[in-house]
> 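Right, I'll just put the structure down here and ask away after.
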Amino acid sequence: MKKFSYLKSISLSLTITSLLLVSNTVTSGEIEDSIKLSAEKYKSGDLYATVSQLKSALHLVQTEKSEIIVNALPEALVGWETDGENVALNDLFMDGIKVEKDYYNDDYDIEISVIGGSSIISESFSMITDKAFVSASGGKSIDIKGYTSVLSKDDDEIEIRIIVNDTTLVILSGNLEDETVLLNYANKIDLDAIK
């Protein structure tokens, strides 16, 4: 019984720590300290503590990167609104970072998703940009601020996929009459900051 409550309290502490890390700004000093502590644990032979500390350092780095991505996303265009961003780090279905931001007005909805540092997504980049695949799926290759991108339409759903630095996928999608608004949003994203 004591073991169960001890494990339960550890789980609760980790959950609270995780929430605090995502909601607070991370400094480079915190990241450096966490990495140094990992090295110290490794040198002392405490491998479990090393793994735990490395995971903490990874979480801090991902939190810092997610803050950069959030700041790189555009504000709502005139006539549009947004409720802010959703951030996920290493969730059950994906490693890496996922940041989403929704935009809407009375008639349309747009979602911008940024997925970075995910091995699963990185492996699909060659297929996403393959000209035969793009053409067969009804899309066309376009350029957004010098980055390889694909524009595709399916009925009233329009999607733009942008590959940034072979590590990050930006997806803009919306139920729109044409791609003009989606292209405006795509060109307002600070893609250089995201890479």
Side-chain angles (χ1 to χ4, degrees), residues 22-23 25-26 59 61-195:
V22 171
S23 63
T25 302
V26 176
H59 188 82
V61 170
Q62 289 177 326
T63 300
E64 180 181 44
K65 186 62 179 178
S66 69
E67 291 168 0
I68 292 168
I69 293 169
V70 164
N71 291 327
L73 296 179
E75 294 298 319
L77 295 174
V78 174
W80 290 78
E81 295 180 49
T82 184
D83 292 329
E85 304 82 13
N86 295 313
V87 178
L89 307 177
N90 290 322
D91 66 19
L92 292 174
F93 305 104
M94 178 200 77
D95 59 334
I97 301 166
K98 183 175 184 182
V99 176
E100 294 177 338
K101 189 169 183 179
D102 296 319
Y103 303 84
Y104 57 89
N105 63 20
D106 291 338
D107 301 312
Y108 303 108
D109 297 302
I110 292 174
E111 179 182 84
I112 299 178
S113 299
V114 181
I115 305 166
S118 170
S119 55
I120 296 168
I121 295 296
S122 296
E123 290 171 9
S124 68
F125 284 168
S126 59
M127 183 180 74
I128 291 171
T129 58
D130 180 76
K131 289 185 179 182
F133 177 79
V134 169
S135 179
S137 63
K140 67 177 181 177
S141 296
I142 60 172
D143 179 84
I144 303 286
K145 294 180 152 183
Y147 292 97
T148 303
S149 308
V150 174
L151 171 68
S152 56
K153 299 178 185 180
D154 183 18
D155 295 326
D156 63 346
E157 183 75 20
I158 301 173
E159 182 178 271
I160 297 173
R161 294 177 304 248
I162 308 166
I163 296 175
V164 182
N165 208 34
D166 289 334
T167 59
T168 306
L169 177 63
V170 180
I171 303 170
L172 299 91
S173 59
N175 58 333
L176 303 161
E177 291 179 9
D178 65 42
E179 65 267 24
T180 306
V181 174
L182 215 56
L183 287 167
N184 283 341
Y185 272 110
N187 281 295
K188 290 193 177 295
I189 299 171
D190 187 350
L191 295 170
D192 289 336
I194 287 174
K195 71 177 182 181

> Could I get the full list of side chain to side chain donor-acceptor pair (under 3.5 Å) partners for Asp83, not counting sequence neighbours?
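Result, side chain to side chain donor-acceptor pair (under 3.5 Å) vs Asp83: Tyr104.
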> Who pairs with Asp178 by side chain to side chain donor-acceptor pair (under 3.5 Å), at least two apart in sequence or on another chain?
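Expected list: Thr180.
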> Just jot down the salt bridge (Lys or Arg N to Asp or Glu O under 4.0 Å) partners of Lys153, sequence neighbours excluded, or say none.
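So Lys153 forms a salt bridge (Lys or Arg N to Asp or Glu O under 4.0 Å) with Glu179.
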> Tell me, please, which residues at least two apart from Asn165 pass side chain to side chain donor-acceptor pair (under 3.5 Å).
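Not a single residue meets the side chain to side chain donor-acceptor pair (under 3.5 Å) criterion with Asn165.
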> Does some side-chain heavy atom of Thr168 sit less than 4.5 Å from a side-chain heavy atom of Lys195?
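Lys195 does not reach Thr168 side chain to side chain.
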> Look up atom CG in Leu182 and atom CD1 in Ile160, then write down how far apart they are to the nearest 0.5 Å.
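One gets 4.0 Å once the value is rounded to the nearest 0.5 Å.
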> Measure the spacing between CD1 of Ile69 and NZ of Lys98 and express it to the nearest 0.5 Å.
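So the gap between those two atoms works out to 12.5 Å.
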> For the residue pair Arg161 and Leu169, establish whether any side-chain heavy-atom pair is separated by less than 4.5 Å.
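Yes, at least one pair of side-chain atoms sits under 4.5 Å.
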> How close do Ile144 and Ser149 get, heavy atom to heavy atom, and via which atoms?
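Ile144 and Ser149 have their closest heavy atoms at CG1-OG, 3.3 Å.
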> So, using salt bridge (Lys or Arg N to Asp or Glu O under 4.0 Å) as the criterion, who are the partners of Glu111 when residues are at least two apart?
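Scan of Glu111 (salt bridge (Lys or Arg N to Asp or Glu O under 4.0 Å), adjacent residues dropped) gives none.
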> Enumerate donor-acceptor pairs with a distance under 3.5 Å from any side-chain N or O in residues 183-191 to protein atoms, sequence neighbours excluded.
unit_1	atom_1	unit_2	atom_2	d
Tyr185	OH	Leu77	N	3.0
Asn187	ND2	Leu183	O	2.9
Asp190	OD1	Ala193	N	3.2

> Using the test side chain to side chain contact (heavy atoms under 4.5 Å, CB included), find all partners of Thr82 that sit at least two apart in sequence or belong to another chain.
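Thr82 satisfies side chain to side chain contact (heavy atoms under 4.5 Å, CB included) with Ala76, Lys101, Tyr103 only.
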> Between atom CG of Asp166 and atom OG1 of Thr148, what is the distance when rounded to the nearest 0.5 Å?
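So the gap between those two atoms works out to 8.0 Å.
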> Once salt bridge (charged side-chain N to carboxylate O under 4.0 Å, His left out) is applied, what residue pairs with a partner in residues 132-150 remain, sequence neighbours excluded?
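Of all non-adjacent pairs touching residues 132-150, none passes salt bridge (charged side-chain N to carboxylate O under 4.0 Å, His left out).
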> Under the side chain to side chain donor-acceptor pair (under 3.5 Å) test, which residues partner Glu157, sequence neighbours left out?
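Applying side chain to side chain donor-acceptor pair (under 3.5 Å) to Glu157 gives none.
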> Please identify each residue that fulfils salt bridge (Lys or Arg N to Asp or Glu O under 4.0 Å) with Glu64, with sequence neighbours left out.
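So Glu64 forms no salt bridge (Lys or Arg N to Asp or Glu O under 4.0 Å) with any residue.
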> With sequence neighbours left out, write down each residue that passes side chain to side chain contact (heavy atoms under 4.5 Å, CB included) with Tyr108, or none if nothing qualifies.
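For Tyr108 the side chain to side chain contact (heavy atoms under 4.5 Å, CB included) partners, ignoring immediate neighbours, are Trp80, Asn105, Asn175, Leu176, Glu177.
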> Compare all side-chain heavy atoms of Leu172 with those of Ile162 and state whether any distance is below 4.5 angstrom.
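SC-SC contact between Leu172 and Ile162 confirmed.
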> If you take all heavy atoms of Ile97 and Ser66, which pair is closest and at what distance?
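Heavy atoms only, the tightest pair is CG2-CB, 3.9 Å.
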